[in-house]
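In what follows, a single structure is set out as structure tokens and then discussed.
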Amino acid sequence: RNHCWNSEVSFCPHWTPPPPPAARATMDDERVDSCSFSCPHDVHTVHLSLKLRVHFETHVVHGVVRLSLLAVRDTPSVVLDTKGLQIKTVTASNGPASFSVRPAHAALGSALEITLSSALKRDDTVEVKIEYETSPSALALQWLTPEQTAGKKFPYLFSQCQAIHCRCMVPCQDTPSVKSTYDAQVSVPNGMVALMSAIRDGSDPDPDDALRTVFKFKQPVLIPSYLLALVVGALESRKIGPRSYVWSEKDMVDKAAFEFAETEKILQVAESLVGKYVWCSYDLLILPPSFPYGGMENPCITFVTPTLIAGDRSLAGVVAHEIAHSWTGNLVTNNNWEHFWLNEGHTMYLERLICGKMLGEPLRQLEAIEGWNRLKDSVKVFGEQNPLTNLIPNLDGIDPDDAFSSVPYEKGFGLLLHLEQLLGGQEVFVGFVKSYIDKFAYQSVTSEDWKNHLYEYFKDKNHLLENVDWKGWFYSPGMPPVQPKYDTSLADACLKLVDQWIKAGDENLHAFGPADLKDMHSFQVIYFLSELLQAQEEQTPPPFSLKHVQMMQQAYNLNDVTNYEIRFRWLCLCLQAKWENAIPLALRMVTEQGRMKYIRPLYRYRKNG
Ligand SMILES: CC/C=C\C/C=C\C[C@@H](O)/C=C/C=C/C=C\[C@@H](O)CCCC(=O)O
Ligand SMILES: [Zn+2]
């Protein structure tokens, strides 16, 4: 049941990766990535070859990286991104090289400038080899002691490179405007397994240390640096489909295999919408509870939070999201982080299309309605005049982590749903999305590239596109200029129950009971609570009293619900109504897992008293 790592050495034996595109013409305008010091106008990293040794005793990764570089114009030097790295040696294949590490920027780290002995002419190639060490405080790397793991016997390490943390792990061009293939060898203590965002390519005893094992990987598909990923731990696997395994520590792996058993079906639905999956394998890694996100779309192995394990597969929508990223984000990539909505808005759109195909269109519509509430929450937290609520924000001098919110996801989705309704419906608009993916696959694009293709694809409907308030959608803060229309057939029952609760006086709260929710899908319960929260925060005075919350617990026993999406909204409602009994439950939720989507809002209630 637990396959031997080596027995899957050639997991994709007959798979030939797609040919990379012809190198895109050098960008005419000096479009820069304000989050990177590297110079994509000078050179492009075509391939990285990594040799990493993971040292748990010091929380350091020792690395040797060989960067294969292609000059896209004449240049005497190469500039890479680093953060907290100790650069030991730098050599170049075209002769002696010197290097200097520039003073550090708080968020962006330090530029590593490499001066070559002979300048590069356009189309020249050169290999630069760098020996370095990471810092124990590298933001990209989360180290766990054995006590912090489920098994308690081995330590654990996982990476999170999106958006600009790869530079803490490898000196590189840490910008999504550059895409490279990679191969890697990772040496770890015996008894532990290393996995990367790549195809597994076997493992061998470490020739330099009998107490270590070397795991090998290859990623022949072009990826941006933020999709480089590494995990090392006492990992086991279970096969869940012809091209998929789940990986986790022993105690979680069987539950994960059940929870994500529909992965292959989701992959096939996605392929039916937007074409062939080019990454060969699709595995899922269930991380320890401290993982800060619902999922991260690392190629070949999506990283997910254990909070998705609801026991009834009801939270697999995140897996649909991460699978969708195999096309939007990982194949067609935002050129820089100001165009992040291209990654996330299209992926939300595909995620909800998959939901509609698998669970029915009414549920896609309900997810869309709930998403509008998510967008309202983010606009409220940032402030409706905050330029970070623009769909395309200016990130000069801003750390992308500080700009992160539901805006690129839900304002981006809202624009695409609006265009679907404007331009002829779902089947028509999915045709555009597939055409956008086919045109820009393996490339990095801006919103201008996307918009030009939209106008080209719908050349007979440009009169409709001319009426779209592009400035309002792209470059204005706050809520969008237009709200899409929705099929409210599933939402209506939720809104009716909300209305009943809000209108019920304290004296007749006994009218409510478990039958109210019995026939509701979990998405409807989530939306019911979401709407109650909206009412609490939008109405003065808040319509939901402490008595209401206490009676709702009596009617529905939501304290015992384990579905994190429901539990999170319920505890927010309890804290909003200042029910002190909820405080220990909320403290348990913010300490037993690290997903920021849940932790940040719950702590805001503490701050607001
Ligand atoms: C305008 C913002 C521009 C760039 C931000 C990019 C990355 C921010 C960095 O914090 C990384 C984010 C990673 C997100 C990963 C998964 C999310 O899709 C899920 C988030 C919500 C959840 O937990 O489900
Ligand atoms: Zn995403």
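FYI, side chains are in, hydrogens and waters are out, and symmetry mates aren't considered; it's all heavy atoms of this structure. Atoms within each ligand, like the ligands themselves, are counted from 1 in listed order.
In this structure, Tyr598 and Phe568 have tilted ring planes: the angle between them lies in the 30° to 60° band. Ring planes of Phe523 and His521: perpendicular class, angle over 60° (limits at 30 and 60°). Taking the six-membered ring where tryptophan is involved, the planes of Trp450 and His346 are perpendicular, since the angle between them exceeds 60° and thus also 30°.
A salt bridge is absent between Arg374 and Glu565: the closest approach of a Lys/Arg side-chain nitrogen to an acidic carboxylate oxygen does not fall below 4.0 angstrom.
Within 6.0 Å of NZ on Lys597 lie more than 12 heavy atoms contributed by other residues, nucleotides or ligands. Residue Gln268 qualifies as enclosed at atom CD: its count of foreign heavy atoms under 6.0 Å is above 12.
Relative to the six-membered ring of Tyr564, Arg569 misses at least one condition, a distance below 6.0 Å or an angle of at most 45° to the axis.
By the 4.5 Å heavy-atom criterion applied to side chains, Pro393 and Phe340 are not counted as neighbours.
Shown here are the protein N/O/S atoms lying under 2.8 Å from the Zn ion (ligand 2), water excluded: His321 NE2, His325 NE2, Glu344 OE1, Glu344 OE2.
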List below, pair by pair, the N or O atoms of ligand 1 and of the protein that are less than 3.5 Å apart, including the distance to 0.1 Å; reply 'none' if no pair qualifies.
from, atom 1, to, atom 2, distance (Å)
ligand 1, 10 (O), Tyr293, OH, 2.8
ligand 1, 10 (O), Asp401, OD1, 2.7
ligand 1, 18 (O), Tyr409, OH, 2.7
ligand 1, 23 (O), Gly294, N, 2.7
ligand 1, 23 (O), Arg595, NE, 3.0
ligand 1, 24 (O), Arg595, NH2, 2.7

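No option in Asp81, Thr45, Asp33 other than Thr45 meets the side chain to side chain donor-acceptor pair (under 3.5 Å) test with Gln173.
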